[in-house]
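Being a predicted model, the structure only gives us computed values, none of them experimental. Every chain is numbered from 1, with letters handed out A, B, ... down the list of sequences.
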2 protein chains.
Amino acid sequence: MTAPDPTHRAPREPEELDSRKAAILEAIVTEYIGTAQPVGSSHVAQASGVSVSSATIRSEMVALERDGYLVQPHTSAGRIPTDKGYRFFVDHLSTPGALGPAQRQKVSSFFTQAQGGIEDMLERTSSLLSDLTSYAAVVVGPSHEQATVRSVQVVGLSAVRATVVVVLSDGAVESRTIEIAETVGSDDLHAATSALDGAWTGTALHDLDAVPPTGDPEVDAVCARAAEAIAGAGRSSDHEPVFVGGPSRLAGSFDAIETVRGVLSILEQELVVVSLLRDVLESGLSVAIGSEHGFEPLASCAVVVAPVHLEGQQAGAVGLLGPTRMNYPAAMAAAEVVGRHLSRHLGEDHFDPEGTSDAS
Amino acid sequence: MTAPDPTHRAPREPEELDSRKAAILEAIVTEYIGTAQPVGSSHVAQASGVSVSSATIRSEMVALERDGYLVQPHTSAGRIPTDKGYRFFVDHLSTPGALGPAQRQKVSSFFTQAQGGIEDMLERTSSLLSDLTSYAAVVVGPSHEQATVRSVQVVGLSAVRATVVVVLSDGAVESRTIEIAETVGSDDLHAATSALDGAWTGTALHDLDAVPPTGDPEVDAVCARAAEAIAGAGRSSDHEPVFVGGPSRLAGSFDAIETVRGVLSILEQELVVVSLLRDVLESGLSVAIGSEHGFEPLASCAVVVAPVHLEGQQAGAVGLLGPTRMNYPAAMAAAEVVGRHLSRHLGEDHFDPEGTSDAS
DNA sequence: GCTGGCACTCGGTAGACTCGACTGCCAGAG
DNA sequence: CTCTGGCAGTCGAGTCTACCGAGTGCCAGC
């Protein structure tokens with residue numbers, strides 16, 4: 001009631017834990033991650049790493065709880081790590097973590113055998129990552145923000161339909177099917193192709209308003225249709241390429257069905273997911289625990305992120321979403337390895353002259 | 001134990017229920033769909049449609065149970081419809097069902113404002129359908145099985161990379177990025193474009209083995225690379241375009257988290273989903289209840305399907321996945337309407353001269 | 001400063017009990 | 001023959017109690 005203790009200890013910044021407290025915290029986090037049960041002092045005493053009696057551990061635990069690393073669900077229960085406790089664990093305690101040989105094998109065979117379009121590739125990567133870790137995975141691909149038009153082509157499909165294909169400088173392709181008048185011939189389409197190609201090449205998708213003036217009204221009509229259709233593409237292509245793998249794993253990660261529902265519906269909103277990963281990466285972290293990412297509906301989740309680089313630039317991210325009591329070392333290792341492989345793969349366009357080298 | 005009754009009644013095929021039994025069954029199904037609680041005889045007596053005492057209803061209920069339309073979870077509980085009971089309900093009892101004005105409005109504004117590529121379109125349609133019904137939705141688009149190549153183009157991206165773009169006769173576009181030698185010039189790419197275009201136009205994606213012979217080794221190298229990359233596309237394009245909308249709704253449909261998990265992981269397997277919908281449609285049904293689809297992991301689910309037609313051919317399907325106690329009239333109406341709109345939209349390529357006509 | 005011991009606190013489980021919602025059956029009325 | 005009201009019986013769900021065990025906080029002693 002009248003304990004002055006907890007108040008006057010705010011301005012301690014570096015917040016070092018002495019090695020025994022750290023060992024105790026580590027033991028608690030490790031066990032809790034494994035069992036999901038509050039950890040009592042005697043369990044910690046039996047765990048390797050500390051060789052003091054449970055009574056001593058108890059007194060350390062009250063200190064850890066006072067400092068915000070642990071909480072008690074109720075009196076006469078063991079302790080559970082707080083977000084802060086997990087944070088200390090990942091920052092100072094957890095050993096780097098590595099993939100098992102089987103997982104390693106999975107990853108490298110996945111990337112050596114990988115083929116197909118980039119979208120498929122990212123999609124399958126998200127499944128891979130989810131398989132590796134048993135958590136839900138998210139893969140965000142490089143955005144087409146600053147890509148410019150490289151080539152435009154109008155291809156007739158039938159007498160009244162044609163497809164406009166736009167190739168972007170990053171290799172992405174946007175296409176739209178348009179209606180055309182029956183009087184439009186293949187030479188008109190060729191004319192439209194070269195007109196559009198000339199007008200658009202070099203500009204970004206979202207600002208190609210200039211419609212090229214041509215003599216032929218047939219051609220102009222086709223160009224107008226094409227411009228209209230592709231302008232829509234420019235507008236809607238803000239939506240990043242994001243893929244979620246293994247959402248069903250979430251049902252295994254949480255036991256409250258409400259939580260599962262909430263998290264799933266978050267994952268359905270691509271924009272939210274993308275900005276979440278981006279925020280975490282921008283703050284220089286690789287993992288955001290519980291409320292750290294400031295996103296209330298995911299307060300019971302932890303997010304592990306690894307960047308994807310493309311030509312030196314950061315061009316996307318891979319992430320894992322699990323409960324705060326997730327296996328951080330394993331998750332971080334998996335995300336990191338997959339992110340690195342994916343970076344290399346995207347950069348080389350699945351051309352891997354070195355074989356499957358695995359630099360650490 | 002020694003009751004001879006249930007045995008000698010197998011060969012009754014048309015299985016007509018007299019009108020009172022039907023009314024009772026209808027009342028039970030309706031109430032159970034609403035409350036998810038076993039329905040007792042007195043509830044049925046109060047429900048409109050039958051005006052007999054609960055005792056009479058009880059005796060009718062034992063008959064319905066004997067015939068397999070109802071089950072009792074345990075003695076002294078109310079009755080729950082079986083799959084057979086739901087089947088009778090949807091076949092003979094449920095009124096057609098219609099969308100509310102707000103939903104109708106949603107659908108038509110969605111399809112009039114719709115734009116973008118076909119993939120995006122299908123994806124968003126699945127979200128729409130899920131929104132309308134609060135069930136998980138599945139949309140399967142037209143497959144590219146028998147589409148043939150209409151045009152091939154090789155576009156240089158940088159000194160060492162190029163994109164091969166293949167336009168198919170149905171308007172779909174496949175593209176792959178390939179590596180090219182630095183010595184390849186833009187004229188070589190043009191040569192490769194025309195060689196590939198000439199060789200492939202008119203053939204299906206999955207059997208374009210013939211590599212066109214050219215004099216120039218540079219061009220041939222590009223063609224070989226392109227062929228290799230696109231052959232992969234042909235192989236992997238068996239995977240149908242399938243989109244799942246609102247998977248988080250599943251968490252609201254079932255209360256056992258294990259069920260949610262199982263169903264979600266089914267939905268992750270696109271092939272399974274596609275063949276499920278196809279099977280249901282092929283058997284001429286629009287709804288498969290519980291074990292009717294013979295797919296064990298979804299025994300607690302009902303599937304409502306509506307076809308998508310394109311130029312008179314069936315070219316896909318929209319579906320809803322919910323608990324067996326789902327609101328069949330509403331779900332069937334929603335699927336049917338969305339399927340019809342989608343058919344029209346795909347056929348017309350979002351060119352709707354009539355406005356939003358809504359023929360029934 | 002660490003340790004063993006001790007009293008105390010709760011959550012979870014098991015058993016007994018009650019309550020209520022059903023059913024099945026039966027005798028009697030229409 | 002059919003329907004109805006009544007009655008006894010069944011069983012799940014909720015409540016209450018007691019108990020056990022895990023775990024804590026505190027304290028005296030080494």
List the residues meeting side chain to side chain contact (heavy atoms under 4.5 Å, CB included) with B:A23, not counting sequence neighbours, and say none if there are none.
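For B:A23, the residues satisfying side chain to side chain contact (heavy atoms under 4.5 Å, CB included) (neighbours in sequence not counted) are B:V50.
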Side chain to side chain contact (heavy atoms under 4.5 Å, CB included) partners of B:V52, counting only residues at least two apart:
B:R20, B:T56, B:I57
Closer than 3.5 angstrom, by distance alone: can the side chain of A:Y135 be matched with the main-chain N or O of A:N327 as a donor-acceptor pair?
yes
For a quick check, with a 4.0 angstrom heavy-atom cut-off, what is the B/S/- contact string for nucleotides 11-30 of chain C, read 5' to 3'?
S---------BBBBB-----
For DNA chain D, which residues in residues 23-33 of chain B have a heavy atom at a distance below 4.0 Å?
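Within residues 23-33 of chain B, no residue comes under 4.0 Å of DNA chain D.
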For A:F88 and A:Y69, take the angle between the two ring planes, folded into 0 to 90°, and tell me which bin it lands in: parallel under 30, tilted 30 to 60, perpendicular over 60.
perpendicular
Terminal contacting nucleotides, 5' and 3', DNA chain D versus chain B (heavy atom, 4.0 Å):
D:dC3 to D:dG12
Is it true that the side chains of B:S291 and B:D83 contain a donor and an acceptor less than 3.5 Å apart?
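Yes - a donor-acceptor pair under 3.5 Å links their side chains.
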Kindly indicate whether the side chain of A:R79, heavy atoms from C-beta on, has any atom under 4.5 Å from the side chain of A:P38.
no
With a 4.5 Å heavy-atom cut-off, do B:V39 and B:E31 have their side chains touching?
yes
Shortest non-hydrogen contact from A:P81 toward A:L70:
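Reported closest heavy-atom pair: CA-CD2, 3.8 Å.
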Show the nearest heavy-atom pair for residues B:A27 and B:A47, with the distance to one decimal.
CB-CB, 4.3 Å
Distance-only criterion, 3.5 Å: show the donor-acceptor pairs between side-chain atoms of residues 251-267 of chain A and protein atoms not counting sequence neighbours.
{"from": "A:S253", "atom 1": "OG", "to": "A:R249", "atom 2": "O", "distance (Å)": "3.2"}
{"from": "A:S265", "atom 1": "OG", "to": "A:R261", "atom 2": "O", "distance (Å)": "3.4"}
{"from": "A:S265", "atom 1": "OG", "to": "A:G262", "atom 2": "O", "distance (Å)": "2.9"}

